Amino acid sequence: MQANSSEKQGQGNFIHDIIDQDMASGKYGGRVHTRFPPEPNGYLHIGHAKSICLNFGTALKYGGKCNLRFDDTNPTKEDVEYVESIKEDVRWLGFDWEDREFYASDYYEQLYECAIKLIEKGKAYVCDLSAEEIREYRGTLTEPGRPSPYRNRSVEENLDLFRRMRAGEFPDGSRTLRAKIDMASPNINMRDPVIYRISRAHHHRTGDKWCIYPMYDFAHPISDSIERITHSICTLEFEDHRPLYDWFLDELGAYHPQQIEFARLNLTYTVMSKRKLLELVKNGYVSGWDDPRMPTISGLRRRGYTPEAIRNFCERIGVAKANSTVDIALLEHCLREDLNLRAPRAMAVLRPLKVVIDNYPEGQVEWFDAEINPEKPELGTRKIPFAKVIYVEQDDYSEDPPKGWFRLAPGKEVRLKYAYYITCREVVKNDAGQVVELHCTYDPASRGGWTEDGRKVRGTLHWVSAAHAIPAEVRLYDKLFTVENPDEGDFRANLNPDSLQILPDALLEPGLKEAKPGDCFQFLRQGYFCMDPDSTPDRPVFNRTVGLKDSFKGGK
RNA sequence: UGGGGGAUCGUCUAGUGGUAGGACGACGGGUUCUGGCCCCGUUAGCGAGGGUUCGAGUCCUUCUCCCCCAGCCA
């Protein structure tokens, strides 16, 4: 499966406007080449999906290319585990980087040469200041910085020192290579930024070959340039790094892509920072990066989201420069829209209530036809067994029903989907006064679920045959946080204690025996569910992906 | 209080001097063997004040509010 440009195009956005102009002016010879540049230091989340869809989607739209490039310049935080998960997630989302899987670490030698060139031009110097001293010299937002005492070393000395930094002659953190720009710049990023640091960290790809590593601000523009990127799309916080991006490329006289910034995605009831997501995992608030409550791509996948739903969501939210927080209801809408068309229907009773149909012949079993998906009649039907003892949903019976109640209640007649009309005749309670069993009668003339007398039966219930049902565990998920913006204050205090509810005694229609982990279904009148990898042959586990919309406003 | 950005229905987003539109949400109705889907309708917005213009969300101006930046993180 591959995302393609025929997918419903939303309205344009300001980035495409810029590209249109560039195409018209021939700025890059009619070429569009983007890149998705994750740092392999965590799992991808829905916010990254926005960037992935933007970068790959833009390339697709203009018949260009999009590279996958790992921005791996900080070995202390990165790991192959993350590289693998990122590749899996991008692929799953439906995008193909073909043979263009790149790493900033592939360019370490070239980056080093660029640094040498800068030094030779007198535009970079080796600085012996400590981290704390550099901070002091940098000044503040309102006060200019002061030049480092090492700022005017000779080119020869800088060359010598930098080569010896690479050779490992100096301890970690003892020296840095800094760009020589302007310590009085109102833009703090231009106050002689560090471009190389000494760190004897083991790199997941280059091993121990290097003990100096380039900084993002230096590696990124050069990596973009090497890959002949045309439009380097990144998030808003890099806006005031752009002068630096441009400075490096100009000083190096290198091919010069243009950086364009857009607003990252925020979602209501969700935290999106890697740090917070990591904390949820590390502290056991969730079961892992792929916990179905997580906004990670792997979590959404396990929850039962589809790539199509996510892509469509990313298309609909648009791309702009204003900070915004998208209502999670829009994501859920896109999900239901997709699942409604693709999910086979099934009947499952989550909280079973036993029903005995007194006038139905003992031992008789009838197999009824049920639609696989009413949205796609061409898919045909499946068979479901009906018998004297069935289970219905506890919520579908009320002893004292509110106004407008269509479901079961004493003396009320309802339709069992695809089967018969039944009327509630008798209620059995336990010592605690709880309803444990219903006795009903059925109307043989309603076979298949309707009668010729035009009788109006508003309520239609899902059900399973007691003798044929498959026991299962169902996991109901709710929002992970109780407030729209969990980032206000301590996000851990906003965790929803009821975000996971386990239903151990659910019963499924027998056809679900064939289901495999990852398969998704619509459980009639309940929602969309997908089989979890925790399932075993004798105990299937289903995750509720998202509930159905419910417009019943039962009130007394 | 330096610099860089940003403000359009509740939310997201179009609009590039000529009737402020769409989507989600909410509300109401139709349809229905899923209180789903689908269909119809209602709701509701240009941050504020000046100015230019026949005409301003759009141009000018003053102001207000919000976000980002002082990692040897990205």
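Here is how names work: the chains are called A, B, and so on, in the same order as the sequence lines, proteins then strands, and each is numbered from 1. Bear in mind the structure is a predicted one, so any value in this text is a computation, not a measurement.
- At a threshold of 4.0 Å, the pair K123(A)-D192(A) does not count as salt-bridged, since none of the basic side-chain nitrogens sits closer than that to a carboxylate oxygen.
- For the ring pair (Phe, Tyr, Trp, His ring centres under 6.0 Å) with W463(A), the lone residue among Y418(A), Y391(A), F386(A) that qualifies is F386(A).
- Listed by chain and residue number, Y43(A) satisfy the ring-ring contact (aromatic ring centres under 6.0 Å, His included) test with Y82(A) (two or more places apart in sequence, or in another chain).
- Between R135(A) and rG71(B) there is a side-chain N or O to OP1 or OP2 distance below 4.0 Å.
- Residue D217(A) contributes atom CG, which lies 12 Å from atom P of rC73(B) at whole-angstrom precision.
- Contacts of residues 194-203 of chain A with RNA chain B (heavy atom under 4.0 Å): V194(A), R197(A).
- Remark: R178(A) is not in phosphate contact with rC72(B), judged by side-chain N or O atoms under 4.0 Å from OP1 or OP2.
- Residue R407(A) places a side-chain atom within donor-acceptor reach of the base of rG35(B), judged by atom type and a 3.5 Å distance cut-off alone.
- The phosphate of rC12(B) has neither OP1 nor OP2 within less than 4.0 Å of any side-chain N or O from R316(A).
- Within 3.5 Å, a donor on the side chain of E375(A) pairs with an acceptor on the base of rG36(B), or the reverse.
- T140(A) has no side-chain polar atom (N or O) that falls below the 4.0 Å cut-off from OP1 or OP2 of rG2(B).
- At least one side-chain nitrogen or oxygen of S324(A) sits closer than 4.0 Å to the OP1 or OP2 atom of rU13(B).
- Taking the six-membered ring for Trp, F218(A) and Y196(A) have ring centres closer than 6.0 Å.
- With hydrogens and angles ignored, a donor-acceptor pair under 3.5 angstrom links the side chain of Q522(A) to the base of rU34(B).
- Outside the 6.0 Å centre-distance limit, the rings of F162(A) and F170(A) are not counted as a close aromatic pair.
- Under 4.0 Å is where a charged nitrogen must lie from a carboxylate oxygen, and between E308(A) and R342(A) at least one such pair does.
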